[in-house]
Amino acid sequence: YLYPDVGEVNVAGKSATDRSARAQVGYLPENVPLYEDMRVQEYLAFRARLKGTAAREIARAVEDVADAVSLDAQTRRRVIGKLSRGLRQRVGLADALVGRPAVLLLDEPTAGLDPAQQSEFRARLVGLAPRLAVVFSSHSLPEVEAVAGRAIILAQGKIATIVELGRDERSLAAAFREASLKVVTQAVEQSNPHSNVLAFLVGNELVPELVDQAGVPETEALLKRLSEEVKRTDPTRPVSYANWPPLSFLNASFWDAVCFNLYPYEPASVSHSFGFRSYVEHLKRTVARSKPLVISEVGLSVSPIAGAAPG
């Protein structure tokens, strides 16, 4: 474990560094580490034993958490490696609930799920809220607004602002804009003494599906506002953002250059790799806009993911 240099976190009245406090936290990472050769029932029983559940109570504990996430008897007999991502996520959630934790900690729990699975998972979190404290991270403001009662926006590892959803006069989107402007202003001011800072990127690898959720006009308005803030604070250096080819529909008229990150392989399992052909098309569109093109990040893979085809 990494112990804190400063500050303190208490869980159920005890320091988070105390073993008994850690036992009160159920954790679901973004990519759930499951033993794929085990059956669901077998895996959950195994996890219950590891978490100290008494032998006579394991069967009941497995039944309780499986029921809580709607894993029916047939699914419990299936091999984990043959489950869909949505079902695997439910198995991971059931695992996190083993031991009756006081706090449920989830890292982007709906990432990679289809819209129907996302909606179902969010409803499940809302259903769990009366039983325990649910803390989750997300890049999606609509998702946070649909589920949470309180939103904490972090910037560079520190709390930028806290929004009490439904009670705060500010919307979450407004709070996010305020926090973004503050972070950009601070970053530009800190870089002013350094002549080796050539340009500023206000946004890197904007995720297309999140842009769709937030709305293209809203995304463009925020990017433009951030660009204006950079120009106001330091008018001497160019401003851009690192684009993905599928986001070429974003308005680039207020940028000094158009940037994107170059990866030469196109494995289906890596969402941020589009293949060289996509970049060529992007280059053509960029030239048509009479904007300089800057490759802001390059990834060269000597051992791409199995099955990856050169772009």
Side-chain angles (χ1 to χ4, degrees), residues 22-53 57-129 131-140 142-144 146-148 207-210 212-213 266-273 304-308:
R22 293 200 295 269
Q24 292 296 312
V25 179
Y27 175 54
L28 178 67
E30 179 181 351
N31 296 306
V32 187
L34 301 171
Y35 290 109
E36 297 193 352
D37 57 341
M38 298 179 75
R39 298 184 185 277
V40 173
Q41 183 100 3
E42 177 188 12
Y43 172 77
L44 293 176
F46 167 68
R47 293 292 291 154
R49 286 195 298 273
L50 288 182
K51 294 184 180 185
T53 304
E57 298 174 0
I58 288 178
R60 179 64 182 176
V62 170
E63 184 176 352
D64 286 347
V65 296
D67 287 343
V69 300
S70 301
L71 292 172
D72 58 31
Q74 182 178 359
T75 302
R76 297 177 207 179
R77 292 191 293 269
R78 293 180 62 185
V79 175
I80 291 175
K82 296 183 179 180
L83 299 179
S84 67
R85 180 174 175 86
L87 283 176
R88 290 166 63 92
Q89 201 78 346
R90 273 199 255 169
V91 174
L93 181 58
D95 177 7
L97 292 172
V98 170
R100 298 181 180 274
V103 178
L104 189 60
L105 184 61
L106 307 106
D107 180 17
E108 298 193 49
T110 61
L113 301 182
D114 64 40
Q117 291 172 332
Q118 289 179 357
S119 178
E120 179 187 20
F121 199 92
R122 291 168 190 157
R124 207 170 299 283
L125 292 185
V126 172
L128 290 171
R131 295 169 43 189
L132 72 171
V134 179
V135 181
F136 72 98
S137 65
S138 176
H139 286 97
S140 170
E143 177 173 77
V144 175
V147 175
V207 181
E209 54 265 31
L210 296 184
D212 289 337
Q213 288 180 20
E266 194 174 10
S269 59
V270 180
S271 61
H272 63 265
S273 299
I305 294 175

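Numbers for residues simply follow the sequence, beginning at 1. All values below were derived from every heavy atom in this structure, side-chain atoms included, with hydrogens, water molecules and symmetry-related copies excluded.
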Per-pair distances, 0.1 Å, donor-acceptor, side chain in residues 78-85, under 3.5 Å, sequence neighbours excluded:
| residue | atom | partner | partner atom | Å |
| --- | --- | --- | --- | --- |
| Arg78 | NH2 | Lys82 | O | 3.1 |
| Ser84 | OG | Leu87 | N | 3.3 |
| Arg85 | NE | Ala111 | O | 3.1 |
| Arg85 | NH2 | Ala111 | O | 2.7 |

[atom1] of [X] to [atom2] of [Y]: how many Å apart, nearest 0.5 Å?
X: Tyr43; Y: Leu34; atom1: OH; atom2: CG; answer: 5.0 Å
X: Glu63; Y: Ile58; atom1: CD; atom2: CD1; answer: 14.0 Å
X: Gln118; Y: Ser138; atom1: CD; atom2: OG; answer: 9.0 Å
X: Glu120; Y: Arg90; atom1: CD; atom2: CZ; answer: 4.5 Å
X: Leu93; Y: Leu28; atom1: CG; atom2: CG; answer: 6.0 Å
X: Leu50; Y: Arg47; atom1: CG; atom2: CZ; answer: 5.5 Å

Going by heavy atoms in the side chains, are Pro101 and Val25 under 4.5 Å from each other?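 When only atoms from C-beta onward are counted, Val25 and Pro101 do not touch, as no gap falls below 4.5 Å.
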
If you define the side chain from C-beta out and look only at heavy atoms, does anything of Thr110 sit under 4.5 Å from Gln89?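 Of all side-chain heavy-atom pairs linking Gln89 with Thr110, none is under 4.5 Å.
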
Let's go through Leu104 and Leu97 carefully: what are the C-alpha distance in whole Å and the side-chain angles of both, what is the deciding distance for side-chain contact (heavy atoms from CB on, under 4.5 Å) to 0.1 Å, and is it a yes or a no? CA-CA 8 Å; Leu104 189 60; Leu97 292 172; 4.2 Å; yes

Checking side-chain contact (heavy atoms from CB on, under 4.5 Å) for the pair Leu106/Leu125: CA distance, chi angles, key distance, verdict? CA-CA 10 Å; Leu106 307 106; Leu125 292 185; 4.1 Å; yes

Closest contact, heavy atoms only, Val65 versus Leu44: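 Minimum heavy-atom separation between Val65 and Leu44: CG2-CD1, 4.3 Å.
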
Which atom pair, heavy atoms only, marks the closest approach of Leu113 to Gly86?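 So the two residues come closest at CD2-CA, 3.8 Å.
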
For Val91 and Val32, run side-chain contact (heavy atoms from CB on, under 4.5 Å): C-alpha distance rounded to whole Å, both residues' side-chain angles, the deciding distance at 0.1 Å, then the answer. CA-CA 9 Å; Val91 174; Val32 187; over 6 Å; no

Would you list the pairs meeting side chain to side chain donor-acceptor pair (under 3.5 Å) in which at least one residue belongs to residues 28-37, sequence neighbours left out?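 Side chain to side chain donor-acceptor pair (under 3.5 Å) check on residues 28-37 returns Glu36-Arg88.
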
With sequence neighbours excluded, what pairs up with Asp67 under the side chain to side chain donor-acceptor pair (under 3.5 Å) test?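 For Asp67, the residues satisfying side chain to side chain donor-acceptor pair (under 3.5 Å) (neighbours in sequence not counted) are Arg76.
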
Could you tell me whether Arg100 atom CZ has more than 12 heavy atoms of other residues or ligands within 6.0 Å of it?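 No, CZ of Arg100 has 12 or fewer neighbouring heavy atoms, counting only those of other groups under 6.0 Å.
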
